[in-house]
Every structure is written in C-alpha cells, then in structure tokens.
Amino acid sequence: MHKVLDKSSKQMGAPTRDQVVDLIAAYAHSVDDMRLDIWPQFFTSDALYHVTTRENHEAGLPIGVVRCVGTGMMQDRVKAFYSANIFEPHTYSHIIGRSEFLEQTSDMVVSARSNFQIVRTMETGRMDLFAVGRYLDEVVIEDGQPRFRKRVVILESRNVDILIVIPL
Amino acid sequence: MSPTVQAGRNEASEFRWPPQGVTRAPYRLFTDPEIYQLEQERIFRGKTWNFLCLDIEIQNAGDYRTTTVGETPVVVTRDRDGKIHAMVNRCAHKGALVCLKKKDNVASLSCVYHAWNYELDGKLKGVAFRNGVRGQGGMPEDFDPAQHRLRPLRVESFCGMIFGTFADEIEDVETYLGPEMASFIKRNLGRPLRILGTHSQMIHNNWKLYAENLRDSYHATLLHTFYTTFKVNRLDMDGGITLSERKWHHLSFARRAKMQEAAEYAEAKVHSANYESALDGPGLLEAWEEFDDGITHSIQTVFPNMCIQFTLNSLAIRFFAPRGVDQTELFWIYLGYERDTDEQSSMRVMQSNLTGAAGLVSLEDGCINEFVQRGTRADPDQSSFIEMGGREVESERNSRATETAVRGFWHGYRHIMGF
Ligand code: FES
Ligand SMILES: [Fe+2]
C-alpha cells in the first residue's frame, strides 16, 4: 500500500494543502506503477469518479466516458481489468502540473484543479501522448486519511485513442 | 507466385472475389488504398443513405453541424423556414472548408479565405470585390453566382436522424431500410430524443472491420467476458439475427427467455429487469423494462457506417467514419427520451459504463479490429473464413452463434462495389 494511505491517524477536519498534493501525486504514481488493486482506496466509499470530455463538461451533459459512484463500482472496474477485459498491455506515465486550490466552501473539503498529461507506452514500444486534461478534485478526510470525495477527469479531446481500461 | 502476376493483381480494377463468395473476405479489402478510393465513390458518394446527424443537433434556424460522408466534409444546416439542407463543406471558390466548428449558429455561411458568402441552403449570395476595387479588378462580366453554389446532398429525416445522399436516384430512407429495419428503428427512436453525452474513439483499422465486428454475433460471449466474469444472470440468451431484404442492414437481438419470465418475473414486475450478479456496485445494472416485446439487448446496423444500440436501457448511436484506409473514428452518441424521468435518465447514465471507449462489456472492440488489421496486412491475397452458422445469407431467428450478418455485409458490399 502507498504510504499516503498507510499512515494511521486520528485526523479530523479538512486535509491540509500538502496532504492534497501528496494524495494527487501518490494516486498518479500508483496507477503508473500498475497498482490498480489499491486504486479504489484513494476514494471515499461513496465517491464520484467521472471521466468526461471538455465538450460534454461545458454542455453540462451527464454521460462522458467513465462514471463510478462509490468504491464498489471502482472495485468492479479493477476486477474487470484483471479478469475480464482484453487489450494490448500498456502503461501510463502521468505528468501533473502544480495544483491550484479553489475557494474553500466547507470546513471539511479542499478543492483543487490540476492539469495533467499522460504518456501511454504500448507492448510494441510505441509511446503516445494519450490524454491531456485536468483533474477537478474534492478531498476530505475519511478514516483518518485524505481521500477523494470527487474526482472529475476532464479530457481536452473528444477523441480517445483505442480504449481506456486503466483509470486516468 | 511470379512477380508479374503479383503486380497485375495489385490493380483494384482487376480485383476478383474468391470463388467461395461471401464466406471469404480477402485481406486486401482492408489495406488497399485504391479499393478505399473506389469505396468513397461507389459507397459513400454512391447509392447509399448516410447518417449525418440528429435533428435535435440543429434545432434552430441558422444552426449548422459539420460531419463527413466517407471522407467528404459535409455541413448540415437549418434555414429560416425550418428546412434542413446538407452541402459539401467546401468553398466553390478554391475549395477551403467553409464551416470550421462542429456546431454553430450563423446568419449565413461565410468562407474565411476570400469571404465568399452563402445562404443557409448553400446558394452563393456574395462575392467580395465582385465589381472590383475603385473600378479595378473584379469578376468577369459573365460571372454567374448561380453557377457557384455549395454542392448539395439530398437529405431526409427519419426518426430524428438526418440522412444524406449524393445519389440522384435512390429510394426514400424508409424503403432503403426495409420494413423490418424501419419498424425496429421506430421502436427505439420514434419519439423526441435527448442527447446525454458524446465522445469518439480512434480505432486503428479499416472501417469495414468495424462494420463486420458489429454484425459478428459469434464473438459476443467469447471476446467480451464481463457478464460471465461477474455472473450476471442474464436470462436473455434467447435471440436471433434479422437481415434486411437486401442483407445490407441487420438487427441482432437478445430476448428474455419466456419460461423464466413466467416463472420468476410474473409477480415482481417492478424489478423484473434487475440483474443478479457478483458486482460490488450493482447500481451499474439497475434497469427497467422499457418495451413489452421482451427484447433486452439489440444492435442494429444501417449500411454503410452506423448502428443503433439498445443495451438494457442504454440507447446510443454509433457512427464510424473512415479516416484513411487503416483508421476509423467511432462516434458514440448516448441518447435518452425527452419523456424520461430523472430516475430513468440516471439509469441510462450508469449503464453507459457498459459501452463506449471504456465500456466494461465491450471495450475490447476498440483493439480487436486493430489486431486483425495488424495480423492481415502482410498478406493481402489471403482471406478470412466466414462459415459459422453455414454458408447462407439469411436471417437466423433462433441463434446468434452465426456469421450470417457478416456474410450479409459482404453480400451488400460486393453488390454496390461491383466486385
Ligand atoms: S476559398 Fe472560399 S472564398 Fe476563396
Ligand atoms: Fe464486440
């Protein structure tokens, strides 16, 4: 397990900015390291994980590319990845920009926007700039740990190359 | 094979279909640039109706929506009388694209290069400096704007979808579809629609591999194992394939088995469409029984390059546009009905996880056709083998373990291509 999730604490209230930045980095690195089994633990049990496109987001349309409500649905995606879905093996490398902290609207939640780019490397060695976009995050403390209560992934392009099976 | 013979066989015009007919599809069809060019002419600019967009995408006067028919750029507009037009999106002056956005609302269509200006129906209405500047230059005396309009397509709207054709002589859309196909489209789209979201996927294969893949009911449970992995109690293994009269289009459907229905669902009608499963997030498959014909899953193709899916309550149009001989852009347009309740909308939204670029049930289709493209490109003279379910090209009402609709596609393809 990643050390961000590993630390036991009795923390209450809102996470600190440092904790949010650490969470965003740890999430990306654990996906890049293909530790998909722990991916749902970065979220609160009733969290929303939504991948959509800029076009849908700006039009206020509810369907994007992925929508998980609660860690159960995330678990199912992980299980499907390991035992049902078929695809050419590939890995990600995330580059994340400096987070901008948005105005705090609650004592418990910290909201941040972070731009990202993901380079995908295929089994053949081919490397592509696979995804460019932004994370809109809401982070809270649950069970003493900072976790995403909401992570909206907004892709700049309407177009996905081949498929998405590894979470962004 | 001698080099001379091989050189001769590289000509698309001399292409010969194997004697086994539509039970074989030569790999050349997926890689030959000349055949790809011929398809633009004979299929996309030939006697076919091509899906352009939805009626609701150009609801207001002055709305336009750009798309492609084959590789030809096309713009669809609505004029001030509410009439729909489609034109090649290419300026009659030097050929620049006239409309650059996916959608917009404009008073007229204006080319940015030299400011030629067109009515919403494509008629040329203004040419910059037509009479010259301070008496100098200008168009010749005999310049006739009526001779220089945006090239029109014929358009027709059917069940909220706008179709266009370059053909002068072609039957109406409903006749093109045939009675069985048309009536199932009315079942699915015959009421006011609402767009719930869109995205596209670049798949690295010839467009016809995706056309085959949609018609390939043989692979459904073999390649896509989500339902079996999560022990989804589908109770809907009963189904079949209907081909249109000319075999161009098809409908593949799964229906809830009748006996099960009687035994297990009679009392609990409300939850009749909910699925037992080993899912940790069962909300994914929350569904309601939308039609009383018992059909729970359907895929319906319209030749050449669109399909309508209805997976539980997830309704979507898929449109796959050729982007070169080995590239295809697959568009997903997720739909609901205007009449949907919030609860129904949110079930459609959750079920959208099943399909699309990250679809739990079918994301494999994003790569499988590329695997065929990569597997076959070195041997254009070999062919695929398509005899599952026999060699006939007929509807199969009781089984989906068949490739009959794939043979149907090639039947239609050979006819229109003259191969
Ligand atoms: S190319 Fe359009 S005005 Fe010249
Ligand atoms: Fe498939």
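Here is how names work: the chains are called A, B, and so on, in the same order as the sequence lines, proteins then strands, and each is numbered from 1.
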[X] [atom1] to [Y] [atom2] distance, which is reported to the nearest 0.5 Å:
{"X": "A/Tyr82", "Y": "B/Thr229", "atom1": "OH", "atom2": "OG1", "value": "15.0 Å"}
{"X": "B/Lys102", "Y": "A/Glu55", "atom1": "NZ", "atom2": "CD", "value": "3.5 Å"}
{"X": "A/Leu163", "Y": "B/Gln201", "atom1": "CG", "atom2": "CD", "value": "7.0 Å"}
{"X": "A/Ile162", "Y": "B/Ile203", "atom1": "CD1", "atom2": "CD1", "value": "10.0 Å"}
{"X": "A/Arg77", "Y": "B/Leu360", "atom1": "CZ", "atom2": "CG", "value": "4.0 Å"}
{"X": "B/Phe230", "Y": "A/Lys79", "atom1": "CZ", "atom2": "NZ", "value": "5.0 Å"}

Pick from [options]: which one has the most heavy-atom pairs with chain A under 4.5 Å?
{"options": "B/Leu363, B/Thr198, B/Leu196", "answer": "B/Leu196"}
{"options": "B/Val361, B/Asn353, B/Val349, B/Thr228", "answer": "B/Asn353"}
{"options": "B/Leu330, B/Asn369, B/Thr225, B/Thr355", "answer": "B/Thr225"}
{"options": "B/Ala358, B/Ser200, B/Gly366", "answer": "B/Ser200"}

Any chance [atom1] of [X] has more than 12 other-residue heavy atoms, nucleotides or ligands included, within less than 6.0 Å?
{"X": "A/Arg126", "atom1": "CZ", "result": "yes"}
{"X": "B/Glu343", "atom1": "CD", "result": "no"}
{"X": "B/Asn60", "atom1": "CG", "result": "yes"}

*Greatest number of heavy atom pairs closer than 4.5 Å to chain B - which of A/Val65, A/Thr52, A/Asn85, A/Val165*: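 Greatest number of close heavy-atom pairs with chain B: A/Asn85.
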*Are A/Arg158 and B/Glu329 close enough for a salt bridge, meaning some N to O gap below 4.0 Å?*
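Looking at B/Glu329 together with A/Arg158, the answer is yes, because their closest N to O distance falls below 4.0 Å.
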*Where on A/Asn159 is there a heavy atom nearer than 4.5 Å to chain B: the side chain, the backbone, both, or neither?*
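Both backbone and side chain of A/Asn159 come within 4.5 Å of chain B.
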*Between A/Ser83 and chain B, which part of the residue has a heavy atom less than 4.5 Å away: side chain, backbone, both or neither?*
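For A/Ser83, heavy atoms of backbone and side chain both lie under 4.5 Å from chain B.
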Quick one: what part of [X] sits under 4.5 Å from any heavy atom of chain A, side chain, backbone, both or neither?
{"X": "B/Arg194", "result": "neither"}
{"X": "B/Ile368", "result": "neither"}
{"X": "B/His199", "result": "both"}

_Could you check whether any side-chain N or O of A/Asp76 sits under 3.5 Å from a backbone N or O of B/Gly281, counting only pairs where one atom can act as donor and the other as acceptor?_
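Yes.
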_So which atom in B/Glu364 and which in A/Ile86 form the shortest heavy-atom distance, rounded to 0.1 Å?_
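Closest approach of B/Glu364 to A/Ile86: OE2-N, 3.1 Å.
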